[in-house]
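In what follows, a single structure is set out as C-alpha cells and then discussed.
This one's a predicted model, so the numbers in the text were calculated from it and none came from an experiment. Just so it is clear: chains get the letters A, B, ... in the order the sequence lines come, proteins before strands, and each one is counted from 1.
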Amino acid sequence: MRDLEASGQLEGLSRKEAKALASGAVRERVPLLAEEIAERVAKSGNPLFGSVEAVNGYVNIAFNGNAVAAALIEEVLRRGPEYGQGAPIAELVMVEHSQPNTHKAFHVGHLRNSVLGVAIANILRAAGYEVQDANYIGDIGMHVVKCLWCYERFHTGEEPESPEARGRWLGEVYAESDARLNFRKDVLDFLQLLATEDQAFVAVIDRLLKYLWRKGADGEDIAYLLGRIVQAQPIKDDLLREDDVIPKFWPIVGDQLRAEVAAPKPYVPVEGEPEPTMTPEQRLARWETLAARMDEWWAASPGWRDEVREEFARWEAQDPAFVALWERTREWSMADFRRIFAELGAEFDVWLYESEVDEPGKRMVQELLEIGIAEMSEGLTVVKIDEKLGLEEPTYRTMPVLRSDGSSLYSTKDLALTRRKFEELGVDRAIWVVDVRQSLYFQQIFKILELWGFEQAKQAYHLGYEMVVLPEGVISSRKGNAPLYDDVRNAVLARAREIIEEKNPELSPQRKEEVAWQVALGSLKYAMLARDNNKVVTFDLEEALSFDGHAAPYIQYAHARASRILEHAGETEESLLPKLDGLDFGALQPEELGLLQGIAALPEEIQRAAVEYRPLLIASYVYDLAKRFNDFYHACPVLTSPEPTRTARLALTAATRRTLANGLALLGIAAPEAM
RNA sequence: GCGCCUGUAGCUCAGGGGAUAGAGCGUUGGGUUGCGGACCCAAAGGCCGCAGGUUCGAAUCCUGCCAGGCGUACCA
C-alpha cells in the first residue's frame, strides 16, 4: 500500500477503494514472494525447520519436532531455577503487602493478602524487575488504644503464661473491647433487625408496650420506640428519656423469640420484602448473648467510651506508662506475626510501622495547610480534592487528613509513608496490595500528593483485591466468626497428615511431617490464588480439606511423580543435559507435543502475569501443565520404552519437573520430591 | 445520588474478538498380572443476567437496563 501511496495512485479514492486496489496489487505478487521467502528460509539452514515450501502463496514450514524439543529441553535444564525468567529490567518496584494490625487476630482474610502479595512480588521479580517486599505494621491507632484500655481495665495479669499464646489472647481482648464499646449499638441494631425482618415481632408490639407501661416506663419513650419499630427505623438511645427502658423491654423480646423457636412458622416470601438474614434460632442465640450482658454493660457502656478517649489522650501525650505497655504488648503480636510469615514463606526487605510515620504525617499535613491544599472545615483538616481539581461531579470527594483533635488518621500516615518510599527508599514504582474497598481512599492519597507537586505519585498503584467471605456470610471479628489462620492451618495440617499416613506410610516420620506442611500450606495458598483478584473468595473449610481435583496437591503430585521416574532411571538434570544432542522421540506423540507446548509457555505467562498483576494466570498455568503431564504419563511409558525414546522421554520428564517447580515457586508453593 | 466490581453447568471457578464455551466438585458408569489410583477415561448437565449495537464473526468490545456486592468527611 505504501508503494501505491508513494506513486500517487491512491489519490481521490475512498478508503475502501484504496484498500481493494492495494490488496489486488499485492495479491498478484504473493505467489512469487512466497517462493522467494521459502527459498531464503530454506537456505538459512535453521535446524529447527524440517521442510520449507511455498504452496499457493503460503509458506509452509514443518518443524523438526525432535530438534525443537531438544532446544527447549536444553534451555530448561540449563537455566534450571531461572527458566522462565525475563531479562533484568532496571526498575525498583516495592510491593507493600500483608499489613497486619498488632493487637488483633490474624485471620483468613489476612492470609489472602499475604499470599497474593508474595506471589505478585515473585512474579514481578521473575519478569525481570528488581523487587522489594515491604510490610506495613498497624502497630498504633484506635484499635490498639481500645485493646489496651480493655486489658488494663479488665484483664491485667490474666495473660497466658506461654509467650506463643499471648498474641492470640490479645486479639480476644481487642474483640471484647469492641463488643463492650459497641454494646448499645449492637442492641439497637438487633431491635431494628427484628423490626425489619420479623413480622411476628412487630405484631406483638402492643403486648410489649403494655408490659412496659405496667413497669412504669415513660410514656414518651414508649411512643418513640413504637414509632421506630413499626417503621423499622434506627433507634437512637440518646433520645430515650429513661436510660433503663431498653433493659426493661429486653425480657419480653426474649419471650417472643422463644415462642417463635418453639412454634416455628414456615417462611413465606413476601413480594418486595427482603429475605430474613437469620433463623429464629440464630435470633434467639443473639438475644441471649446480649441479654447476658445487658444489666452490666448497658449502663456502663457510655462511661467506657469516655475512658477510651482518656486512654487515647495518654497515647497522644506519650505517657511513659502507656508507651511501656504498648511496647510490651506489641511484641506479643509481632512474635506471632514473625512465626506466621515464616510459615507462609513470606520474607520482607523492608518493615514499616505506622507508629514511625505518625509524626512525619502530621508535619506533612501542616505543610499542606500552609500551601493551601488542605483547609479547615467544620473543625476538621481536609483536602477538598474535587474543588482543587475543578471537577464538577463528585469524583475524588473530600478527604480528612487530620482529626479535629489534632491526632492522626490512617491517611495522615499514608501521605508521609508514600513520600518516604519514593524519596528515602529510592523506589521507582510502589504497589499497595490492599483490599479493594480502599480504592477510593488510595486514589485520594495519590491525588493529594499530585496536587502537592509530587511527580512520583503517578508511579503509585493500588492493587485491590476482593475480600474473603464465609459460606454463611461476611467475615467479622466483631461477630466472632472470623476463622483464625492458626485454626485453619491446624485443621488442614491434620487432614494432610491423615492422608499421607494412608497413601505413603513408608515415608520417614520427618519426611511425612515435612510433606504434610508442604501440602497443607500449598492447598491453602492455591485456594487463595486460583481466583482472580476481583473475585470474592468464599472460604469453605470443607473444601480446603479436600485435596482432590483442581488444587495444589494435584500439581505437587505430578511433580512427585516426575521426580520418582527420574529417580528410578538414576537420572538428574545434570546427567541428562549432555544427552540432549540428537534427542529422538521417534514419532512424536500428541501428549508429548502438548507437554512441550506447555513447558514452552512459562516465560510468556510470567510476563503477562506481571503486566496484569495476576497470579491467577500462573495458578492456572501450573495446573494445566500438571494435567498435560498426567496425559503424557498415561499415554507414554517412559522407563519401559526402548532407546532412544526412553532418554527423550526422561529428558522431557526432567524439563516438566523443573517447569512445575518454577511455576509453583512463583506462587510460594513447595514442590515435594515425594508425597 | 454518584463511583467501582460481579453475573458463564446444581455448586466453586477458568476463558476476555475466531472452530462444537472449558475445568474441578457433586451425580452415573468404567480403568492398575504397566513409571505411585492424591491419577485417568466416559456419560449426563449451559438462551455465557436481559435487550440493542459494532463486526464476516461477540460469552468476550460499545450503549442501555435488571440483579447482587462494595465505597462515598474525622475506622483502618
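Below the 3.5 angstrom threshold, one finds no donor paired with an acceptor across the side chain of A:Arg561 and the base of B:rC35. Applying the 3.5 Å distance criterion, the base of B:rC4 shares no donor-acceptor pair with the side chain of A:Ser439. The base of B:rA76 is paired with the side chain of A:Gln438 by a donor and an acceptor separated by under 3.5 Å. With hydrogens and angles ignored, no donor-acceptor pair closer than 3.5 Å exists between the side chain of A:Ser620 and the base of B:rA23.
For B:rA73, neither phosphate oxygen OP1 nor OP2 lies less than 4.0 angstrom from any side-chain nitrogen or oxygen of A:Tyr441.
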Step-by-step side-chain hydrogen bond (donor to acceptor under 3.5 Å, both in side chains) determination, A:Ser98 to A:His110: CA-CA 7 Å; A:Ser98 292; A:His110 299 106; over 6 Å; no
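The cationic group of A:Arg649 does not satisfy the cation-pi geometry with A:Phe585, failing either the under 6.0 Å distance to the six-membered ring centre or the 45° limit from the ring axis. Cation-pi check for A:Lys447 over A:Trp452 is not met; the charged atom does not lie both under 6.0 angstrom from the ring centroid and within 45 degrees of its normal.
In this structure, the nucleotide among B:rG15, B:rC70, B:rA76 sitting nearest to the side chain of A:Arg437 is B:rC70. Side-chain proximity of A:Asn504 to the nucleotides B:rG24, B:rC74, B:rG36 is greatest for B:rG36. The side chain of A:Ser404 lies closest to B:rC74, out of B:rG15, B:rC74, B:rG24. Side chain of A:Tyr633, nearest nucleotide from B:rG37, B:rA23, B:rA38: B:rG37. In this structure, the nucleotide among B:rU12, B:rC74, B:rA23 sitting nearest to the side chain of A:Arg531 is B:rU12. Here the side chain of A:Arg564 is nearest to one of B:rA23, B:rC41, B:rG36, namely B:rG36. Candidate nucleotides B:rG24, B:rG71, B:rG36 were compared by shortest atom distance to the side chain of A:Ala560, and B:rG36 ranks first. Relative to the side chain of A:Asn534, the nucleotides B:rU6, B:rC70, B:rC35 differ in distance, and B:rU6 lies closest.
Nucleotide B:rG22 holds its P atom 22 Å from the OH atom of A:Tyr621, rounded to whole Å.
A:Arg628 contributes a side-chain N or O that, together with a main-chain N or O of A:Gly594, makes up a donor-acceptor pair within less than 3.5 Å.
Sorted by first and then second residue, the side-chain hydrogen bond (donor to acceptor under 3.5 Å, both in side chains) pairs involving residues 392-401 of chain A (not counting sequence neighbours) form an empty list.
Nucleic acid contact for A:Pro637: base, since at least one base atom lies under 4.0 Å from a heavy atom of the residue. Nucleic acid contact class of A:Tyr554 (heavy atoms, under 4.0 Å, all strands): sugar-phosphate only.
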